[in-house]
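Contents: one structure, followed by commentary.
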2 protein chains.
Amino acid sequence: MAYQHPESKRAFKNQLYEQLARIGKALASPHRLELLDLLAQSERSVEELARETTLPVATVSQHLQILHAARLVDVRRRGRQRRYRLASGEVVRLWLALRRTGEAHLAELEHLVSTWLPERRHWPALSIDAALELLQSGRALLLDVRPRDEYASAHLPQARSLPVAELAAHLSELPRDCEIIAYCRGPYCVFADEAVALLRAHGFRAWRLEVGVPEWQERGLPIIQAQAAERSVL
Amino acid sequence: MAYQHPESKRAFKNQLYEQLARIGKALASPHRLELLDLLAQSERSVEELARETTLPVATVSQHLQILHAARLVDVRRRGRQRRYRLASGEVVRLWLALRRTGEAHLAELEHLVSTWLPERRHWPALSIDAALELLQSGRALLLDVRPRDEYASAHLPQARSLPVAELAAHLSELPRDCEIIAYCRGPYCVFADEAVALLRAHGFRAWRLEVGVPEWQERGLPIIQAQAAERSVL
DNA sequence: CAATCATTCAATTATTCTATTGAATATCAA
DNA sequence: TTGATATTCAATAGAATAATTGAATGATTG
């Protein structure tokens, strides 16, 4: 019979929400959110994550273990490294949902962007739809300006890899007779802003795509992913 | 120009993730998750929430203020009550994403359900699609077995309100020549389980719908909502 | 087998969070 | 204005969390 005493219902609910709060607790630190954000681009070693976040390696390791205990990330060995990655697309959706909730309700976020990225006022970012239209009509070139290993892990169809650090050295290879669309990790990454600024300073018609790979994929659009062999071998 | 010094990039990121962690921290307590789950059904007063969660009123009030500081909930006055509700549909999506992440990765959740709701093995729950098919062909009656005020706040199209507590008294009004589909707050609510058990014990052909109103709405399906006047008047 | 490298562990301290209690405030009704 | 009701506030003690440091582990390379 399904009838239960009120006290036992309470015990069930307590255990239920306690389990779910394991995930909530894992999301309760700015450093861990940054780690999730980075891992949404590609798997990484502890050391790589420490370098990108400017945190001590031991601190990153401990945060990763908290994320792992909440089952938000997986680990595998590769040589003497341990490479961490998000446990699944569910985790990407959770992170994006958290970020969108912030964008919807935290006025401070807008303020941060307008303070630190004031040049975004000059040129509007391209939406996914606007970019798709330009690309499908052949009037634009798509640049992935993230580091090469992130491109290798997953990138948008038709995208060419040209990390922003190498952009200045390759300007002569870029076309002047079409639009150039640059994308990076997502709306809070500055790589594409920097690329667009450099390109425009040299007379190119450049635009920033307002999303990155995770948002593109969440929209149900196809991406080019590294083979499973490269991602999970041994 | 968009070029920034590495240190100032770091300062921007620190502030960015610190803001987003306000939301993560709000999700870090089992009690607050239960409050969000309840508010996903309908707005409620502090006292109502305290009664449902069996927590002291002052404790609930403090948790609500934490949720409010993270902008996950809104308040309005109604008489001498303050009625809290989720700030927007984004918050619903965030909560559902967190819950789904738990379902995907926390084995303990499955274990909890099989321990506390063992009767779920007997009769499979109806998916949204299965329910839609039955309902559209007229071969089923849809019962909302939640408390009446939650039905009033929002319910599925075609649903009749019959709270599980009143079900036993109204059995004679229910049809025996079609399927009966009962739904409640969602997959972890037991109202529909109880309703199905009672109905089957009396010979009805009853089924539990595996989702509630929030999941139905997230799927993009229509719901019947209380008028704005009822929801937000003075 | 020793050396190196990447990562984790363990112990400490400082900080933040949580629940509880009783008092304070604010609103409505008589 | 008084009393009742709903909620918040303030103070506290206990618990959990975070960052730091240096040592320990474990796999790979020479």
Side-chain angles (χ1 to χ4, degrees), chain A residues 10 13-14 17-36 38-39 43-70 72-85 149 233-234, chain B residues 10 13-14 17-36 38-39 43-70 72-85 149 233-234:
Chain A
R10 179 49 31 210
K13 287 183 187 172
N14 286 348
Y17 292 110
E18 198 177 325
Q19 285 301 318
L20 292 170
R22 290 168 61 188
I23 295 175
K25 285 177 209 278
L27 302 175
S29 142
H31 295 323
R32 289 198 291 272
L33 293 185
E34 183 169 9
L35 294 173
L36 290 178
L38 287 168
L39 293 173
E43 63 163 43
R44 282 172 163 86
S45 69
V46 180
E47 197 183 28
E48 287 165 351
L49 289 167
R51 191 170 345 110
E52 293 235 42
T53 56
T54 70
L55 289 171
V57 171
T59 303
V60 170
S61 174
Q62 284 176 172
H63 281 303
L64 287 168
Q65 281 168 73
I66 291 168
L67 290 171
H68 184 68
L72 297 183
V73 303
D74 273 346
V75 212
R76 67 185 182 97
R77 290 206 139 86
R78 197 185 73 177
R80 57 184 85 174
Q81 292 182 334
R82 298 198 193 179
R83 299 190 63 82
Y84 283 86
R85 62 181 166 190
D149 54 336
V233 90
L234 180 61
Chain B
R10 177 59 17 220
K13 287 183 187 172
N14 285 348
Y17 292 109
E18 198 178 325
Q19 285 302 317
L20 291 170
R22 290 168 62 189
I23 294 175
K25 284 178 211 279
L27 302 174
S29 141
H31 295 324
R32 289 198 291 273
L33 293 184
E34 183 169 10
L35 294 174
L36 289 178
L38 287 167
L39 293 173
E43 63 163 43
R44 283 172 163 86
S45 68
V46 180
E47 197 185 26
E48 287 166 351
L49 290 167
R51 192 172 343 111
E52 293 236 41
T53 56
T54 69
L55 289 172
V57 171
T59 302
V60 170
S61 175
Q62 285 177 171
H63 282 302
L64 287 169
Q65 280 168 73
I66 290 168
L67 290 170
H68 184 68
L72 297 183
V73 304
D74 274 345
V75 212
R76 68 184 180 98
R77 290 207 140 84
R78 195 184 74 176
R80 57 184 86 174
Q81 292 182 334
R82 298 197 194 182
R83 298 190 64 83
Y84 283 85
R85 60 180 168 193
D149 52 338
V233 90
L234 179 61

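Predicted, not measured: the structure shown is a model, and the values here were computed from it. So you know, we letter chains A, B, ... as the sequences are listed, proteins then strands, and number each from 1.
Heavy atoms of A:Arg83 sit nowhere under 4.0 angstrom from any nucleic acid atom. Here A:Arg80 lies in heavy-atom contact (under 4.0 Å) with a base.
One can place CD of A:Gln62 at 15 Å from P of D:dG22, the figure rounded to the nearest angstrom. Here D:dT7 presents its C1' atom at 6 Å from CZ of B:Arg82, a figure rounded to the nearest Å. One can place CG of B:Leu64 at 9 Å from P of D:dT7, the figure rounded to the nearest angstrom.
Side-chain proximity of A:Arg77 to D:dT8, D:dA27, D:dA6: nearest is D:dA27. Listed candidates were D:dC9, C:dC17, D:dT7. Nearest to the side chain of B:Gln65 is D:dC9. Closest to the side chain of A:Ile66, out of D:dA18, D:dA6, C:dA6, is D:dA18. Among D:dA19, C:dT7, D:dT8, the nucleotide with an atom closest to any side-chain atom of A:Val46 is C:dT7.
The pair B:Arg10-A:Glu34 meets the salt-bridge criterion, with a side-chain N (NZ, NE, NH1 or NH2) lying under 4.0 Å from an Asp/Glu carboxylate O.
Considering only side-chain N and O atoms, B:Tyr84 lies under 4.0 angstrom from the phosphate OP1 or OP2 of D:dT8. A close approach under 4.0 Å does not occur between any side-chain nitrogen or oxygen of A:His63 and OP1 or OP2 of D:dT17.
Mapped onto DNA chain D by nearest heavy atom, A:Pro56 and A:Lys25 fall at different nucleotides, with A:Lys25 at the one closer to the 5' end.
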